[in-house]
Amino acid sequence: MSGISAPSRSVRAASVAPRSLVLKGELVRPAALTVADLRARWGQRRAEVVFDCAKNGPQHHTFEGPLLRDVVGDARPAFDPARRKDRSRFLLAVTGGDGHRTVLSWAEIDADFADSPILLATAMDGRGLDMAGSQLVVPSDRCGARYISAITSVWVGTCAFAGL
Ligand SMILES: Nc1nc2c(c(=O)[nH]1)N[C@H]1C(S)=C(S)[C@@H](COP(=O)(O)O)O[C@H]1N2
Ligand SMILES: [Mo]
């Protein structure tokens, strides 16, 4: 077929190297991880989800990837892992390639609290996200706004402003 123009320079640049995300903040072991790392180093879950988008209506997707809790847990958040109250002080902020950012509480993903199976996707609808970057999967959300795509960073920490 003709009529398909060459990719722009920015599209080409974005597709030559796998995108990685950084785990940062109040962590004992901050890390940079590619989608291949997320696939190789943690057990993969599968989630069939439907979420509503204000612009496009309901979206159906199948995602695979590790639990956010497992990945961030291995980076060792600076809490006492044996103390639920200590863990409950922590937040996560997930940022996408376009700067869109959302927040979660540690308690959402903690097995002793909401135990939500939130994933860092390595594949969507059977296709690897190696070049696009990982996507946050929040199966319990009715709306798609927290399904952050092309994740560049996950910040973990406590909020100095809470309660001020
Ligand atoms: N990086 C990034 N991720 C994002 C958004 C965004 O603007 N930037 N929009 C969110 C919203 S509002 C929705 S509904 C879903 C849309 O997912 P889809 O494009 O796969 O349907 O992506 C979410 N993830
Ligand atoms: Mo949306």
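All values below come from the heavy atoms of this structure, side chains included, with hydrogens, waters and symmetry mates left out. The residues of the chain are indexed from 1 along the displayed sequence. Each ligand, and each atom within it, is numbered from 1 in the order the structure gives. These figures come from a predicted structure and were not determined experimentally.
- The 4.0 Å heavy-atom shell around ligand 1 contains residues Phe51, Cys53, Gln59, His61, Gly96, Asp98, His100, Gly144, Ala145, Tyr147, Ile148, Ser149, ordered by chain and number.
- In this structure a side-chain-to-backbone donor-acceptor pair under 3.5 Å is missing from Arg87 to Ala107.
- Under the 3.5 Å distance criterion, the side-chain polar atoms of Arg69 are matched with a main-chain donor or acceptor of Ile109.
- Qualifying side-chain contact (heavy atoms from CB on, under 4.5 Å) partners for His100, counting only residues two or more places apart in sequence or in other chains: Asp98, Ile148.
- Remark: side-chain polar atoms of Gln44 are paired, donor with acceptor, to backbone N or O of Leu38 under 3.5 angstrom.
- At least one donor-acceptor pair closer than 3.5 Å links the side chain of Gln135 to the backbone N or O of Tyr147.
- Ring geometry, Phe90 versus Phe79: the interplanar angle exceeds 60°, so the pair is classed perpendicular (tilted spans 30 to 60°).
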